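Owing to the predicted nature of the structure, the values given are computational and were not obtained by experimental measurement. Starting from 1, each residue takes its place in the sequence as its number.
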Amino acid sequence: QVQLVESGGGLVQPGGSLRLSCAVSGLILRINPMGWYRQAPGRQRDLVATINYAGEVYVADSVKGRFSISRDNAENTGYLQMNNLKPEDTAVYYCSAYSQTDRTTYWGQGTQVTVSS
């Protein structure tokens with residue numbers, strides 16, 4: 001069964017950086033696209049960034065110029081590089097992967113990112 005596990009979250013000072021990872025396990029022929037979402041306390045879950053199989057990316061305006069999304073050659077791990085973090089970036093970050101094998105979107109359990117001095 002397909003599972004996604006996020007890692008790399010934690011506490012960081014404003015202006016700092018973190019890199020989130022999303023390890024994908026299970027039977028997947030092709031993951032297209034992969035994405036990252038975030039949900040702050042009391043807020044809705046917002047799209048942060050996506051990347052398709054060809055490497056084309058979308059980044060939300062709120063994080064453009066600070067965040068970048070990538071995936072490895074094996075297409076079993078996704079990344080979200082977060083630079084110049086701000087307190088308003090504090091949220092639980094979730095990765096997602098759309099499996100073209102079974103036409104299903106899978107979600108990780110989330111990793112907490114806290115930006116505070």
Measure the spacing between [atom1] of [X] and [atom2] of [Y] and express it to the nearest 0.5 Å.
X: L80; Y: S21; atom1: CG; atom2: OG; answer: 9.5 Å
X: N32; Y: N52; atom1: CG; atom2: CG; answer: 5.0 Å
X: Q13; Y: L85; atom1: CD; atom2: CG; answer: 11.5 Å

Check: Going by heavy atoms in the side chains, are K86 and R66 under 4.5 Å from each other?
Finding: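 Yes, close enough: below the 4.5 Å cut-off.
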Check: Are the side chains of V92 and T111 in touch, meaning some heavy atoms are under 4.5 Å apart?
Finding: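 With C-beta onward as the side chain, the pair stays apart.
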Any donor-acceptor pair under 3.5 Å linking the side-chain atoms of [Y] with those of [X]?
X: Y106; Y: D102; answer: yes
X: Q39; Y: Q44; answer: no
X: R45; Y: Y37; answer: no

Next item on the list: Report the residue from T90, V115, T114 that forms a side-chain contact (heavy atoms from CB on, under 4.5 Å) with V12.
Entry: V115
Check: Can we say D61 and K64 salt-bridge, meaning some charged N sits less than 4.0 Å from an Asp/Glu carboxylate O?
Finding: yes
Next item on the list: List for me each residue that meets salt bridge (charged side-chain N to carboxylate O under 4.0 Å, His left out) alongside R19, sequence neighbours excluded, and say none if there are none.
Entry: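 Per chain and number, R19 pairs via salt bridge (charged side-chain N to carboxylate O under 4.0 Å, His left out) with no residue.
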Item checked: Greater than 12 external heavy atoms within 6.0 Å of Q3's CD ->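 At most 12 heavy atoms, drawn from other residues, nucleotides or ligands, come within 6.0 Å of this atom.
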Margin query: Classify the ring geometry of Y93 against F67: parallel below 30°, tilted from 30° to 60°, perpendicular beyond 60°.
Written below: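 Aromatic pair Y93/F67 classed tilted.
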